[in-house]
Structures are given as structure tokens and as C-alpha cells.
Amino acid sequence: MAKASKKTVGGRAAPKLAKVGPGELLTLLDFVRYGVSRFVEAELAFAHGTTDPIAEAAFLVSEALHLNPEQFEIFANARVTAAEGKTILDLVHQRVTTRKPAAYLVNKIYMRGLPFYVDERVIVPRSFIGELLESHFGGEGNAGALIADPTGVERVLDLCTGSGCLAILAAHHFPNAAVDAVDISKGAFEVATRNVGEYGLEDRISLYRGDLFAPLGDARYDLIITNPPYVDAEGMAALPPECRAEPKLAFDGGADGLDVVRRILAEAPDHLTPDGGLICEIGRGRELVDEAFPELPLLWLDTEDSEGEVFWIAAADLA
């Protein structure tokens with residue numbers, strides 16, 4: 001069912017997949033186990049919407065069978081038809097031999113339970129900001145919220161929006177807000193337009209193609225969210241094949257990774273309301289950011305899967 005490939009990945013011969021005979025794999029769990037074994041054997045890199053080989057295999061099996069990820073456990077022991085099995089094995093084969101992120105193979109990724117269309121024109125969404133919108137920006141039982149009342153937020157800006165997923169999550173979380181989203185990439189603009197349309201949010205989300213704040217005039221926002229390029233030169237040289245399949249523009253933050261971050265921090269005060277604030281994802285560059293901006297009282301935020309990779313700063317502290 002899954003044949004060996006003669007393609008190369010990174011200049012090396014692509015790995016051969018173990019042959020699968022008729023009837024050897026029966027249930028969804030069987031196919032997940034097979035996928036996990038092949039992914040581990042091929043030493044794939046993850047963190048493109050899934051964090052480990054088990055989650056990735058389950059994601060591909062679910063997508064091949066048109067199941068929502070939350071439905072996997074219900075059907076875990078159900079048998080797979082021969083045609084469905086071939087589809088699953090083909091996806092596993094593609095993932096191993098091409099090293100493309102799984103999201104590109106099925107043109108879908110989930111963030112906070114919502115599906116989004118993605119392709120090679122945009123980075124695969126995996127920002128921690130989606131979780132932080134829920135945990136730190138209002139809602140019941142959130143006494144330490146950075147913005148206490150989500151309904152009072154009137155304008156939100158998503159810089160470097162990519163697929164538009166954070167802008168869409170922001171529109172859901174701040175029900176009364178008009179959301180602007182900006183990206184310099186034509187391809188990203190097109191993908192974001194598609195996602196905004198699929199969620200029927202054209203009347204609340206305005207998309208702009210341009211360089212950071214340039215297309216926005218003198219507009220001011222209660223909240224600016226951004227997941228900008230922040231990989232330094234050393235990191236760019238060491239990116240795994242999965243990341244090299246994504247747009248370089250979405251990663252490259254210059255020599256020290258802070259080229260775009262510096263510009264955002266310098267220009268944000270002119271685009272925030274007096275009580276507003278900026279939330280910015282920076283990956284594992286906290287130490288470098290703290291050294292570069294010692295005068296700024298940055299508040300570092302943690303999530304279930306990250307520690308100190310996103311910071312918040314109030315408008316008053318940026319002025």
C-alpha cells in the first residue's frame with residue numbers, strides 16, 4: 001500500500017517505509033501506532049500544530065477519515081476500510097519522505113479547537129497567543145486579567161497575521177471589537193482572506209497588505225497582538241526540513257532575531273490607546289529581549305506548553 005520512494009530530503013535518500021500487508025492494520029489505533037513508529041524512525045521534527053509523533057499520527061488519521069480530532073477516541077477501535085487505509089498510509093508516506101508539516105498535507109490546522117485553512121504560503125500556526133487571549137484577557141474567574149472586560153475592547157490589531165487565525169480568535173474573544181490584520185506577504189493576505197471569509201467575519205476583520213503599521217495611518221488600538229519573525233541567523237541556519245518548507249519571511253528576524261521586534265516596540269506607542277497594551281511572541285529569546293530593552297517593564301506570560309515566550313507591555317510603559 002505504501003511504496004518506497006526514491007526522492008531525497010535535504011540531499012539524502014528519503015527513508016523507506018515498512019511494507020504493510022493486507023489486513024495487518026485494522027483499526028484507527030493500528031494506523032496511529034504505525035504512523036508513530038515511522039515518524040520516530042525517520043526522526044521527524046514536530047511543533048507545527050502537534051507536539052509529538054502520537055498527536056501528529058492521530059491528527060493525520062482523523063483528517064484522512066474526515067473526523068474532528070475530538071471524535072478520535074469514540075472511533076479509536078473502529079475498523080478502517082481498504083480505501084481509507086490507503087489514504088492514511090499515503091499521508092504517512094508523504095510526511096516521512098517530504099518532511100513537510102502535516103498541516104500542509106491536509107491544508108488544515110486547529111487552534112483552540114477551531115479549524116483553519118493553511119498552505120505553503122503561510123507559516124503553520126502554533127502561536128501561544130491564542131491560549132493567552134483566553135487565560136489573561138477577561139472572563140469568569142480571571143481576577144488577574146490584563147484586560148478585565150473583553151466586551152469593552154473596541155479595536156484590535158494583529159500584526160504579521162499570516163493565516164489570520166489570531167485575528168479570528170481575537171474577533172471571537174472580543175465580541176464588540178473591530179479587528180485589523182496586517183501582513184506584508186501577498187500569499188499570506190490571500191490565505192487570511194479565505195479564512196476570514198469562511199468564518200463570515202468580513203464585516204469585523206479588515207485585512208491589509210503592508211509593512212507593519214504602514215497601511216494603518218494614525219489608527220489606535222486597545223490591543224495589539226503580534227507573532228513576528230524572531231529567528232536569529234544561527235537559528236535560521238539550523239532550521240529542520242519541516243520549517244524550511246514554510247515561508248522564510250515568517251521566520252527571519254535578522255542577525256539577532258529582533259529586527260522586527262525593535263520596529264514594533266518603537267512604533268507601537270503611536271498606535272495604542274492610553275489604556276491599551278501590546279502582546280508579542282518572541283520564542284526562546286527572552287534573555288536577549290530583556291538585555292536589549294532593560295528599561296521596559298515587560299511582563300512575561302506562561303502557557304501550558306511555554307514559559308516566558310510571550311510578553312505583555314502596557315501603552316503607558318511604552319510611551
Side-chain angles (χ1 to χ4, degrees), residues 1-3 5 17-40 42 44-127 130-131 162-166 168-169 171-172 187 190-201 242 245-246:
M1 295 168 74
K3 298 180 180 179
S5 172
L17 269 70
K19 293 183 178 180
V20 178
E24 291 184 336
L25 301 176
L26 299 176
T27 68
L28 274 67
L29 282 176
D30 290 340
F31 282 91
V32 168
R33 197 283 308 157
Y34 174 82
V36 171
S37 295
R38 302 291 75 76
F39 296 164
V40 172
L44 301 186
F46 301 99
H48 295 78
T50 59
T51 56
D52 58 72
I54 297 174
E56 182 125 321
F59 169 70
L60 284 178
V61 169
S62 296
E63 287 304 309
L65 301 179
H66 307 290
L67 298 175
N68 185 287
E70 295 181 356
Q71 296 174 307
F72 181 87
E73 290 188 13
I74 300 174
F75 297 104
N77 292 307
R79 292 198 173 194
V80 173
T81 69
E84 291 171 337
K86 182 180 185 305
T87 298
I88 295 170
L89 292 180
D90 285 346
L91 284 172
V92 171
H93 183 249
Q94 290 180 60
R95 179 67 180 92
V96 169
T97 58
T98 69
R99 293 292 296 268
K100 288 184 178 181
Y104 288 162
L105 302 181
V106 297
N107 296 123
K108 186 184 291 185
I109 196 69
Y110 289 85
M111 283 195 70
R112 312 309 297 165
L114 297 180
F116 296 96
Y117 174 87
V118 293
D119 60 32
E120 285 87 344
R121 292 174 292 177
V122 294
I123 191 173
V124 178
R126 61 264 205 180
S127 174
E131 178 182 336
S163 61
C165 57
L166 288 180
I168 292 168
L169 291 176
H172 286 164
E190 293 168 349
V191 173
T193 299
R194 172 171 178 164
N195 280 319
V196 169
E198 289 185 352
Y199 278 94
L201 290 169
E242 283 84 352
E246 299 177 271

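Sequence positions, counted from 1, serve as the residue numbers for this chain.
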With the side chain counted from C-beta on, respond yes when [X] and [Y] share a heavy-atom pair under 4.5 Å apart, and no when they do not.
{"X": "Val106", "Y": "Leu91", "result": "yes"}
{"X": "His172", "Y": "Leu201", "result": "yes"}
{"X": "Tyr34", "Y": "Leu89", "result": "yes"}
{"X": "Phe46", "Y": "Thr51", "result": "no"}
{"X": "Tyr110", "Y": "Pro69", "result": "yes"}
{"X": "Tyr199", "Y": "Leu114", "result": "yes"}
{"X": "Leu25", "Y": "Ile88", "result": "no"}
{"X": "Phe39", "Y": "Ile54", "result": "no"}

A quick test of your reading: do over 12 heavy atoms of other residues, nucleotides or ligands sit less than 6.0 Å from [atom1] of [X]?
{"X": "Leu65", "atom1": "CG", "answer": "yes"}
{"X": "Arg79", "atom1": "CZ", "answer": "no"}
{"X": "Glu73", "atom1": "CD", "answer": "no"}

Quick one, Lys108 with Glu198, criterion salt bridge (Lys or Arg N to Asp or Glu O under 4.0 Å). Give me CA distance, side-chain angles, the key distance, then yes/no.
CA-CA 13 Å; Lys108 186 184 291 185; Glu198 289 185 352; over 6 Å; no

How long is the straight-line distance from [atom2] of [Y] back to [atom1] of [X], given to the nearest 0.5 Å?
{"X": "Phe116", "Y": "Arg194", "atom1": "CZ", "atom2": "CZ", "result": "13.5 Å"}
{"X": "His93", "Y": "Arg38", "atom1": "NE2", "atom2": "CZ", "result": "12.0 Å"}
{"X": "Ile109", "Y": "Glu63", "atom1": "CD1", "atom2": "CD", "result": "9.0 Å"}

Are Phe59 and Phe72 an aromatic pair, judged by ring center distance below 6.0 Å?
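Not close enough - the centres of the two rings lie 6.0 Å or further apart.
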
For the student: nearest non-hydrogen atoms of [X] and [Y], plus distance:
{"X": "Cys165", "Y": "Met111", "answer": "SG-SD, 3.4 Å"}
{"X": "Val36", "Y": "Pro53", "answer": "CG2-O, 3.6 Å"}
{"X": "Val191", "Y": "Tyr117", "answer": "CG1-O, 3.6 Å"}
{"X": "Glu246", "Y": "Pro101", "answer": "CG-CG, 4.3 Å"}
{"X": "Ser163", "Y": "Val122", "answer": "N-CG1, 4.0 Å"}
{"X": "Arg99", "Y": "Leu44", "answer": "CD-CD2, 3.1 Å"}

Partner residues of Glu84 under the side-chain hydrogen bond (donor to acceptor under 3.5 Å, both in side chains) criterion, sequence neighbours left out:
Thr81

Full working for side-chain contact (heavy atoms from CB on, under 4.5 Å) between Val80 and Val61:
CA-CA 10 Å; Val80 173; Val61 169; 5.9 Å; no

